[in-house]
Amino acid sequence: MKKICLFIILIINFLTIEKLSSQNVVINGKVNEPNALIRLFSYNDMLSCEMTKIAETKSDHEGVFKLEATINEIGIAQIAVNLERVDFLLKPNATYDLEILIPEQEIESSYFERQNPTLKMNNADDQGLYYQYYASETIINDFILEHFNQIYRGRQLSLLDTLDVRIEKEVGDIKSDFVRDYVRYRKASIQMAVNNDNAKKVVNQYYDKNEILYSQPAYMELFREIFTDYLLSRQFEPSEFMQMYYSGYDAFLSYLKNKDAFLAENQELTELILSWNLKRMYYEYPDERKITLNYFDVIKERSDNRKNKKIIDDILKQIHRLSFDSEAPEFSLRDRNGNVIKLSDYQDDMLILQFVNHTSHMIDYHFDRLNELSYQWQDSVRIITIATKDSFEDFKQMFDNKSITWSLLDLDDDILLLEEYQIRTFPDYIILRKGGKIGMAPAPAPDQYLDYHVRRIYKYL
């Protein structure tokens, strides 16, 4: 009996520990949007910046919410309030009390004029990590603005000693490796501007045979600054990349290593440099995309680094997302008559999706041009207008006034559809091929060669 009781106690303790460890971050928040969808994302890494959703909830009628999640290491995370997002730093086994302010946007503002949400941290029970990180960031940013001419024109490297003194005075003893690395690589970025030697000293000091800091934003920001053009600056011609593919990957690696000692001695970092450059080359050399994708596959297959493999997967995911002939995100929305309309209902049709959020003179102009095109296309191309919940009734009236006969759908609460189609401005357009495949995303407006691209894509049908 004692053994059974002991066993039960052990099971209860195990489940309790498991429950506590499975939700090691707690965020108590408030936002100025009641009944909003609240999501928490963690960055898979700070190079690809692909994210994984780790928690979800809704704010109550007063905008209060609570998120609980599990993270394995210190890193940048992101809170999404409906479709608005804001970054902040998270630490395992920490509790946060914060407020998020979503600014009211001007309805005619473009995507680039939109005001970003702001986050106010009321309390962070994380041993001072949050404060030290953002205090250091502020000090460094202010320092660069204050000494811009001395750094970028006067090339006064000794100013970095002044920066160290200021950080030590205002932040105190930095105990976190994450914050120390952040400061170190922000200083390296300044050093690179001062040295003006094509980043040679910074590469040797901060990247040669150094640990790869996948979750460190300052490390990866500097990585992008240095290595996006590294191969070209070392006289590697992209055309040679493609030619070397037919010689085999081993011959290609030998070619790289013979021309650059740094690449020869930093195999895992070289995999990242190659992958990052291949992503750029994928878009710059469309005729060689098949070879580029094959390179990704070979690098991933040959790599012994699990994190590098994951980054390649994420880069490929980004390349294929909404790319030509990829699967279009499905939807199921109601039309003006309350009927449920699905994307799968149009498997045999080429489609134009038009996303709108309010009526205006500009929208009137778009509809007039689109209406003209619809008469030209007849039944060869179908048009679907998707209106946001708040604007649906206004567009119903517009459709009646203009005698528009194509489908009008109500987005209602399916706001994540905008995210899936990466809608950042209104109106926005997507061309879909038959079978629910992406033809072009985003596509231009009706007065900006939409018809040309529709006809171009139609040839592939």
Side-chain angles (χ1 to χ4, degrees), residues 31-39 58-59 61 63 80-85 102-111 113-114 322 328-346 349-375 377 381-432 436 441-447 450:
V31 64
N32 60 327
E33 289 195 4
N35 306 312
L37 176 64
I38 311 292
R39 294 169 291 160
K58 292 195 74 172
S59 61
H61 66 283
V81 180
N82 290 333
L83 300 181
E84 301 287 349
R85 299 192 177 208
I102 308 297
E104 186 173 346
Q105 307 290 351
E106 295 290 336
I107 198 164
E108 298 290 347
S109 295
S110 73
Y111 173 75
E113 296 172 323
R114 293 174 62 84
L322 296 184
E330 181 60 88
F331 59 76
S332 179
L333 304 172
R334 293 191 179 277
D335 66 7
R336 285 181 283 177
N337 300 316
N339 299 318
V340 175
I341 305 298
K342 300 179 181 179
L343 176 60
S344 56
D345 296 335
Y346 294 89
D349 298 304
M350 186 174 182
L351 298 177
I352 301 295
L353 300 184
Q354 179 198 44
F355 291 86
V356 293
N357 72 335
H358 70 280
T359 58
S360 67
H361 292 302
M362 182 188 70
I363 292 293
D364 275 342
Y365 175 72
H366 276 233
F367 269 89
D368 290 341
R369 300 288 77 75
L370 198 58
N371 210 12
E372 293 173 3
L373 291 175
S374 71
Y375 284 114
W377 295 332
V381 181
R382 296 188 179 276
I383 302 170
I384 297 177
T385 297
I386 300 176
T388 56
K389 182 178 181 179
D390 294 338
S391 67
F392 182 66
E393 292 299 324
D394 291 336
F395 279 101
K396 281 177 63 176
Q397 187 64 50
M398 175 187 281
F399 269 54
D400 291 339
N401 293 341
K402 291 179 175 289
S403 300
I404 296 174
T405 58
W406 67 71
S407 296
L408 171 65
L409 305 184
D410 183 4
L411 183 66
D412 198 34
D413 292 326
D414 192 10
I415 59 172
L416 295 187
L417 187 66
L418 300 178
E419 193 169 88
E420 291 174 348
Y421 277 102
Q422 298 185 2
I423 304 302
R424 294 182 171 87
T425 60
F426 291 96
D428 209 349
Y429 297 86
I430 307 287
I431 300 174
L432 299 186
D447 61 340
L450 174 63

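Side chains are part of it too, since the values below use all heavy atoms of this structure and drop only hydrogens, waters and symmetry mates.
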Exercise. Please answer whether the main-chain N or O of Leu37 pairs with a side-chain N or O of Asn82 as donor and acceptor at a distance below 3.5 Å.
Key: yes
Quiz item: Okay, side chain of Ser332, backbone of Lys342: is any donor-acceptor separation there less than 3.5 Å?
Solution: no
Quiz item: Distance-only, no hydrogens or angles: does the Thr385 side chain make a donor-acceptor pair with backbone N or O of Leu409 under 3.5 Å?
Solution: no
Quiz item: Could you state the interatomic distance from CG (Asp368) to CG (Leu373), rounded to the nearest 0.5 Å?
Solution: 11.0 Å
Exercise. Evaluate the ring pair (Phe, Tyr, Trp, His ring centres under 6.0 Å) criterion for residues Phe355 and Tyr421: first the C-alpha distance (whole Å), next the side-chain angles of each, then the deciding distance (0.1 Å), finally the verdict.
Key: CA-CA 10 Å; Phe355 291 86; Tyr421 277 102; 5.6 Å; yes
Practice problem: Grab the two heavy atoms, one from Lys389 and one from Asp410, that are nearest each other, plus how far apart they are. | Solution: CA-OD1, 3.7 Å
Quiz prompt | Set of salt bridge (charged side-chain N to carboxylate O under 4.0 Å, His left out) partners for Asp414, sequence neighbours left out | solution = none
Quiz item: Knowing that exactly one of Ile431, Ile384, Ile430, Val381 qualifies, which makes a side chain to side chain contact (heavy atoms under 4.5 Å, CB included) with Leu351?
Solution: Ile384
Quiz item: Sub-3.5 Å donor-acceptor pair from the side chain of Arg369 to the main-chain atoms of Ala445, do we have one?
Solution: no
Exercise. With salt bridge (Lys or Arg N to Asp or Glu O under 4.0 Å) as the test, would you mind laying out the steps for Glu419 and Arg85 before giving the verdict?
Key: CA-CA 12 Å; Glu419 193 169 88; Arg85 299 192 177 208; 2.9 Å; yes
Quiz prompt | Minimum heavy-atom distance Glu330-Leu417, with the two atoms named | solution = O-CD1, 3.7 Å
Self-check item: Shortest non-hydrogen contact between Tyr375 and Asn371, atoms and distance
Solution: CD1-O, 3.1 Å
Quiz item: How close do Leu432 and Ala328 get, heavy atom to heavy atom, and via which atoms?
Solution: CD2-CB, 3.7 Å
Self-check item: Taking every non-hydrogen atom, the tightest pair across Phe367 and Val356
Solution: CE1-CG1, 4.5 Å
